[in-house]
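The next block holds one structure in the form of structure tokens; read it before the comments.
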There are 8 protein chains.
Amino acid sequence: MGANVLILMGSKSDAEVMAEASRVLDALGIPFTTTVSSAHRSPGRTQKLVREAEKKGYSVIIAGAGMAAHLAGVVAAETVLPVIGVPLASSPLSGLDSLLSTAQMPGGVPVATMAIGKAGAQNAAYLAAQILALSDAKLRKKLVERRREMAKTVAETAKEIR
Amino acid sequence: MGANVLILMGSKSDAEVMAEASRVLDALGIPFTTTVSSAHRSPGRTQKLVREAEKKGYSVIIAGAGMAAHLAGVVAAETVLPVIGVPLASSPLSGLDSLLSTAQMPGGVPVATMAIGKAGAQNAAYLAAQILALSDAKLRKKLVERRREMAKTVAETAKEIR
Amino acid sequence: MGANVLILMGSKSDAEVMAEASRVLDALGIPFTTTVSSAHRSPGRTQKLVREAEKKGYSVIIAGAGMAAHLAGVVAAETVLPVIGVPLASSPLSGLDSLLSTAQMPGGVPVATMAIGKAGAQNAAYLAAQILALSDAKLRKKLVERRREMAKTVAETAKEIR
Amino acid sequence: MGANVLILMGSKSDAEVMAEASRVLDALGIPFTTTVSSAHRSPGRTQKLVREAEKKGYSVIIAGAGMAAHLAGVVAAETVLPVIGVPLASSPLSGLDSLLSTAQMPGGVPVATMAIGKAGAQNAAYLAAQILALSDAKLRKKLVERRREMAKTVAETAKEIR
Amino acid sequence: MGANVLILMGSKSDAEVMAEASRVLDALGIPFTTTVSSAHRSPGRTQKLVREAEKKGYSVIIAGAGMAAHLAGVVAAETVLPVIGVPLASSPLSGLDSLLSTAQMPGGVPVATMAIGKAGAQNAAYLAAQILALSDAKLRKKLVERRREMAKTVAETAKEIR
Amino acid sequence: MGANVLILMGSKSDAEVMAEASRVLDALGIPFTTTVSSAHRSPGRTQKLVREAEKKGYSVIIAGAGMAAHLAGVVAAETVLPVIGVPLASSPLSGLDSLLSTAQMPGGVPVATMAIGKAGAQNAAYLAAQILALSDAKLRKKLVERRREMAKTVAETAKEIR
Amino acid sequence: MGANVLILMGSKSDAEVMAEASRVLDALGIPFTTTVSSAHRSPGRTQKLVREAEKKGYSVIIAGAGMAAHLAGVVAAETVLPVIGVPLASSPLSGLDSLLSTAQMPGGVPVATMAIGKAGAQNAAYLAAQILALSDAKLRKKLVERRREMAKTVAETAKEIR
Amino acid sequence: MGANVLILMGSKSDAEVMAEASRVLDALGIPFTTTVSSAHRSPGRTQKLVREAEKKGYSVIIAGAGMAAHLAGVVAAETVLPVIGVPLASSPLSGLDSLLSTAQMPGGVPVATMAIGKAGAQNAAYLAAQILALSDAKLRKKLVERRREMAKTVAETAKEIR
């Protein structure tokens, strides 16, 4: 079977943060492809990647970008697949610019916006998994299990703190 | 068949804005239920609604709230269903507070954050539809058709402007 | 001769503000075309308009948009013509979102960003005129004359105030 | 006698900042318990801790959290004990997100919001002490004494500066 | 018995918003006094009011102010009674200025900061009541009852929405 | 003759930044005193210092403080001497909190607000000097001379850049 | 004797707000001149006005401007007279733009920045008066008297509130 | 032939960031001059440089400045040449101050505002080149070629990521 999730990032310098998404998808056993394409420096490539993703049967696209983060919006404009946007803190404005550029989409073309940076990249993967789990009971079980582990980890951490 | 989308809002005063979501779901023929529950004033009810939604087979939960908008996050903490958050501009800070309260979720518990206000409510419905369309080819066609209409409307609007 | 300036706006509701640009271009005798196209709702139309503008010999493109204002950036990604972006205050965030979405472009693809709203629309036209005036001595004279008039108007206004 | 103050924090990484609260409570001789629980990763545990705190006779709950800091609000929704929220600067937005998420509570469910970070953690402890001092004359004296010392320290510091 | 809560506001124009606090205290049967005093225009009066409040046995002081809202901080500097600050949206910055001026207190002198405006004024009264309820079981019952009513109201509201 | 300028700072940790003010006053030969006093931790001392300053014939008071920077406002409330406020970037909000707390004073009690941090501390001294120079022709000459030097330094710097 | 204070404003539309400054100066019996000049539309006029003000013996210059409010800074660059800047809320950003443009001056060229809008315009006049009062004992008495009246007004207002 | 582009910066400390503009112009073979002049510390020099630039036939002026970045606006007020402003992040506010000071120009005097910092400096050069390319087909080809290379680089980067 092919990949389910396409991870796009606007620049090579986004790779370290976006690797948080890959790690979560890997841990959940969800096949994915990661690549780089810019909304502004390679608009043709971006368009082509989205169209190919649709043809190859990808289900969800994750797009991480910084500054005037147009990538997720531009991708969303080309597809009706769910698009998840991760704003990155790559400018002096600490990601406020990319958060607003990603979240404030006009009516008709949604981008599922995550938190700025690493937490957002992780959650992009979790949201993708939650979407895929709607038709994959095994994955849903894994997600429920993960939540239980998270809660357990919190409880264990609590012991160390005291 | 039961409803697919549960629309929650934190307060009755959010109803006018959240009606944008209902209108889009109606237009797309997606069954949904709308109700009111507050993360802070009725936490028990909120929890109960989420658990019932899971049992009744809802697929997506949309949560609209203003100010320190915890509703979507609190809902997301109780389920692995995709949760879509709509920040509402109900305080003097024009929704910046609710946008940050909705989007800046910690790793592990995603909320798909939309734009502040009406555009965000519309897009919550579109994103829900895009998620449901992954396993509903007919709905997907409707969405593709809608995009075509949007583009056509833009082109027609252009004529009026000149 | 054909038009020199293409004015794009993301939505019909932007027309009133963007009319400030038309008025300035008209007053300076600069031919222009105004149309509507959205970065998100009509990406194909936007791309086509930019390519046609290049072929038809337009010199400058002005793009006005609100919210996550991607229009100017998306246009700039498709051309090496100078692109002037006007952020519009169409969301509850009063244009802070559109200002950051327009100004914070990554290296390689500039957008000449103006002030939010009517002042920005006027200045988009003035900047377009200043660019065209580099190879049009008559237009340059008009601009110099305008500045003189502005200063004169200020001085006259001062008399009323006292 | 049991503890008077329950200190909750959303994550182990908050421990260093929240230790400022413990230090102040220790210095004032106020018994307290510190633990970790997340509004999102361990909602059940959070709810249980609040209910136990009520039963065990705790008087005040301090909750420190970063990002979309829902912890204090979620705790406040479960109790009528005074809840003090400490916004932490754990995201690229430097705590503006957690400040707004903590302070902008809707009518009916208050959170006593402190400054972002260490000063806020210290003040959470001082406010807890001021609340307890309403029925503890000895503690009140200690607080008055502390203020005198603060003023004295300022005056002594002044000598070093000259 | 004398009043328990002193409500201060910086200016007569704050009266309408601060009346939200009075209404809640009235409904809960908590005696209070309301007066006006400015941190800047009547510093002597403010100081005197705080000292008298201490002598007369007030338990909690609520201070509402706009702009560079120093009132709550200045009051807190003069007492170890719990001080609750309500930031008011009386400047063009919509209360962001008063929120930061109220919340960002240095270590040692806490102000329990509420939301901007009416919700904050209501919650100031609720927090005062929660503090007083620590030594007043009857008041505590009232507060628990109020929460139940809030939850019930939410549930009833939900029926109207459908 | 006694000192002309009193420099107050809210905390010892502000000393390094506020030393920029001292350096400028020294260079201009203006007598000054520097001391520490907090609006919140030592309100009595602050009040006393302002009253003494008036009696001792000080002409200008400079007050530097961070976070909810009430110091300059509190000083201004006690005197009709010109008060210059320097907002310091000592919290995670980088001085936005102290800038708004210093600048947004209500009508009747002005604080001459400077830039955040070192540039602001320097300018506090320059503004104090400009005020004193209104009745000190020699000082005025020095200030004019300084401006000339600044312009010359800029011109010399320009040579190094090329 | 000639005027002591020159009030500049960037545009006729600023007249209503800046009239607050005139009213205060009038009430204090301080001679002043009001005029309009823009930093950008009439830079020559602005420069000339500043130079004339110096020659005619003006003591203080007040400059009110909105948006990218350069007026006060540009005036300050041309004189060593004290320059007071009033940021005006004339753009969709509610004066945050003009506040930062006025306050964040580089080291060497101070602008005494006031609050945004009417309170700031009033305070510009009060600060000018405080500066002039350094060498005018009668004016100083008036200012002290005004403060007493302000405090009295606050106390009287308090009676109405109860 | 003489230079086409004048690069101004407000301070020597801006040189490293503004060198990004020089590098791009060098790579495109566009003659330019770089110098330092401050809007505030050397207003006369700034005015003189702009007038000389006009006489010497410069086509575009790039102005980089931080804090209350008035340089680009002040330059724009003196010429009808296109002026490109680069906001620099030299204050604790990370360039938000300089972005607003540069972009929010009033109607009539445009500044083509770029992103904050290095990306903005690069784009200032690209925009200058795009303007010059309107009458220089060879330069236009170079720009088109550059865009192709950018896209190619993105595609190559993508291979490294996988």
Side-chain angles (χ1 to χ4, degrees), chain C residues 13-14 16-18 20 24 27 64-67 69 85-103 112-127 129-130 143-162, chain G residues 3 5-22 25-26 31-50 52-53 62-71 74 88-101 116 121:
Chain C
S13 59
D14 304 336
E16 196 201 323
V17 175
M18 294 309 293
E20 297 283 327
V24 172
M67 300 188 69
V86 183
L88 302 178
S90 45
S91 91
L93 295 180
S94 304
L96 184 66
D97 44 3
S98 44
L99 175 60
L100 298 182
S101 298
T102 305
T113 304
M114 301 289 109
I116 300 163
K118 290 195 172 181
Q122 281 170 38
N123 278 347
Y126 279 114
L127 179 62
Q130 290 178 346
L143 284 170
V144 171
E145 184 51 35
R146 273 243 145 177
R147 286 283 176 94
R148 242 178 248 137
E149 280 161 31
M150 280 182 206
K152 231 166 89 181
T153 306
V154 168
E156 274 155 22
T157 297
K159 286 175 203 157
E160 298 166 29
I161 291 288
R162 250 169 302 178
Chain G
V5 179
L6 175 63
I7 302 177
L8 286 177
M9 64 192 82
S11 146
K12 201 173 81 173
S13 58
D14 304 334
E16 197 202 322
V17 175
M18 293 309 292
E20 298 283 328
S22 317
L25 291 175
D26 264 336
F32 65 93
T33 310
T34 302
T35 192
V36 180
S37 194
S38 162
H40 303 118
R41 279 184 309 251
S42 62
R45 176 179 164 78
T46 301
Q47 199 182 48
K48 209 178 124 226
L49 283 166
V50 178
E52 280 175 15
I62 293 171
M67 300 187 70
H70 298 189
L71 185 61
V74 158
L88 302 177
S90 44
S91 91
L93 294 180
S94 304
L96 184 66
D97 44 3
S98 44
L99 175 60
L100 298 182
S101 299
I116 300 165

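The basis for the numbers below is simple: all heavy atoms, side chains too, and nothing from hydrogens, waters or symmetry mates.
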Which heavy atom in C:I116 sits nearest to a heavy atom in G:P92, and how many Å separate them? CG2-CG, 3.8 Å
Distance check, rounded to the nearest 0.5 Å: G:R45 atom CZ versus C:M150 atom CE? 16.0 Å
Minimum heavy-atom separation for C:V154 to G:S42, with atom names? CG1-OG, 3.4 Å
Drop me the distance from G:R41's CZ to C:R146's CZ, to the nearest 0.5 angstrom. 12.0 Å
Should G:M9 and C:I161 count as side-chain neighbours, where that means a heavy-atom distance under 4.5 Å? yes
